[in-house]
Amino acid sequence: MDQNENLDLSDDEKKLFEDLMPEDLTEILDTGVNRRHFLKLMTLAGGGVLAAQSAVAEQLFTKPISGAMPEELSAAAIENGVNLALNVNGSARKLTVDSRMTLLDTLRERLDLTGSKKGCDHGQCGACTVLVNGQRVLSCLTLAASCEGKTVKTIEGLAQTGTGRSRAGDSGAQLHPMQEAFLKHDGFQCGFCTPGQICSAVALLDEARRGDASYVTENVRRKTGPVQLSTEEIRERMSGNLCRCGAYPNIVAAIQEVHSGKPVEQTFRFSA
């Protein structure tokens, strides 16, 4: 079999790579289009370079990329490999990972759970927030190996399966109340930060029910039970999750509505 037959690239697609990415052509023909090639092509598309070849590029964008790492790999195939067993969104998962691999990369690259986003990759934006044993963590700063035997919940695991009907009308899934509130209050625009915002908000309400202190707690030594969250307290407790679109008032309103159990009407301030 010819080495290119299994790659299923048309002559036009090969010509596209030959014209725009000649330095990568040999690798593409040998191993297929990987994530690096795909992102490079996306950059060219964003710069308008592909205007004359948009039809061919569109075909490539809709094809699955190669190089996806299978879930089951032997430790010998991975540098510094360690065996990892954990529960992810209600399912037991076992895999071998590099001991330096983050939880975020494990979720996205190994378990195909791409809801958690890689924003800054420095623990500053909160887009990667997930729940580990019920506590919110920044998965880009959390080693996957540290989650051995733990329970991980991502945005994909918040909806309750088999309990009703989703907002879209599909049977078998009921959105989490926080997801419903974000939809109702338009708590997102581009949506990139939304998975982390929602996971953080769900954990925030659990923290409030436990009476956990925050920066605005008057007496951190006295635990008085469930905390009634004010708008200021919600803002403080969500300050680790950034939204470049500026949907903060909508996000706070969504959280307040789920927290209080009462409809929240937003008030908008306009400058004169």
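Between T106 and the choices L143, L95, L113, the side-chain contact (heavy atoms from CB on, under 4.5 Å) rule is met once, by L95. Exactly one of L111, T151, V130 qualifies for a side-chain contact (heavy atoms from CB on, under 4.5 Å) with V88. That residue is L111.
Nearest approach of V258 to A181, heavy atoms of both residues: CG2-CB, 3.6 Å. Across all non-hydrogen atoms, the minimal contact from A203 to G134 is CB-O, 4.4 Å. The minimum heavy-atom distance linking G119 with F192 is given by the pair CA-CE2, 3.8 Å. Looking at every heavy atom in both residues, E236 comes nearest to S239 through O-OG, 2.8 Å.
Within the 3.5 Å criterion, the main-chain N or O of G187 finds no donor-acceptor partner in the side chain of H185. A side-chain donor-acceptor contact under 3.5 Å links E148 to the backbone of A85. The backbone N or O of T96 lies less than 3.5 Å from a partner atom in the side chain of R110, making a donor-acceptor pair. Using modelled atom types, one side-chain atom of S139 and one backbone atom of C128 make a donor-acceptor pair closer than 3.5 Å. Judged by distance alone, the side chain of N241 and the main-chain N or O of G196 form a donor-acceptor pair under 3.5 Å. Judged by distance alone, the side chain of N89 and the main-chain N or O of T154 form a donor-acceptor pair under 3.5 Å. Here the side chain of R108 pairs a donor or acceptor atom with the backbone of T114 at under 3.5 angstrom.
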* Asked: Checking side-chain contact (heavy atoms from CB on, under 4.5 Å) for the pair E180/Q174: CA distance, chi angles, key distance, verdict?
  -> CA-CA 9 Å; E180 289 279 13; Q174 177 65 42; 3.7 Å; yes
* Step by step, work out the side-chain contact (heavy atoms from CB on, under 4.5 Å) result for R235 and V252. => CA-CA 7 Å; R235 288 182 178 275; V252 172; 3.8 Å; yes
* To do: Output, in order, the C-alpha distance, side-chain angles, deciding distance and verdict of side-chain contact (heavy atoms from CB on, under 4.5 Å) for K153 and L158.
  => CA-CA 7 Å; K153 182 168 286 190; L158 287 182; 3.7 Å; yes
* **side-chain hydrogen bond (donor to acceptor under 3.5 Å, both in side chains) assessment of R136 paired with S200** => CA-CA 6 Å; R136 49 178 164 171; S200 189; 2.5 Å; yes
* How far apart are the C-alpha atoms of I198 and H176, what are their side-chain angles, what is the distance that settles it, and do they pass the side-chain contact (heavy atoms from CB on, under 4.5 Å) test? -> CA-CA 10 Å; I198 292 177; H176 189 281; 5.8 Å; no
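Placement of V132 and L107 within a single hydrophobic cluster is found when ILVMFWY residues are connected by side-chain heavy-atom separations under 4.5 Å, directly or transitively. Hydrophobic clustering, with ILVMFWY side chains joined whenever heavy atoms are under 4.5 angstrom apart, keeps Y248 apart from V202. Under the 4.5 Å side-chain contact rule for hydrophobic residues, L138 and M101 do not share a cluster.
Within the 4.5 Å cutoff, the side chain of L175 has heavy atoms near those of the L183 side chain. F182 has its side chain within reach of Q197: a pair of non-hydrogen atoms, C-beta onward, lies under 4.5 Å apart. At least one side-chain heavy atom of I155 sits less than 4.5 Å from a side-chain heavy atom of Q179. Taking 4.5 Å as the limit, some side-chain heavy atom of V97 sits within range of a side-chain heavy atom of V82. In this structure, L229 and V227 have side chains that are in contact, with non-hydrogen atoms separated by less than 4.5 Å. Counting heavy atoms from C-beta outward, I251 and I234 have side chains that stay 4.5 Å or more apart. With contacts defined as side-chain heavy-atom distances shorter than 4.5 Å, the pair D206/L131 does not qualify. Side-chain contact between K262 and Q256: absent, with no pair of heavy atoms (C-beta onward) separated by less than 4.5 Å.
The pair R237-E233 meets the salt-bridge criterion, with a side-chain N (NZ, NE, NH1 or NH2) lying under 4.0 Å from an Asp/Glu carboxylate O.
In this structure, CG in L103 is found 4.5 Å from SG in C147, a value given to the nearest 0.5 Å. Rounding to the nearest 0.5 angstrom, the gap separating the CZ atom in R209 from the CG atom in L204 is 9.5 Å. In this structure, CD1 on I255 lies 11.0 Å from CG on N250, to the nearest 0.5 angstrom. Here the OG atom belonging to S99 is positioned 11.5 Å from the CG atom belonging to L84, to the nearest 0.5 angstrom. In this structure, SG on C140 lies 8.0 Å from NZ on K118, to the nearest 0.5 angstrom. Expressed to the nearest 0.5 Å, how far CG of D112 lies from CD of E156 amounts to 9.0 Å.
Remark: R100 CZ is packed, more than 12 non-hydrogen atoms of other residues, nucleotides or ligands lying under 6.0 Å away.
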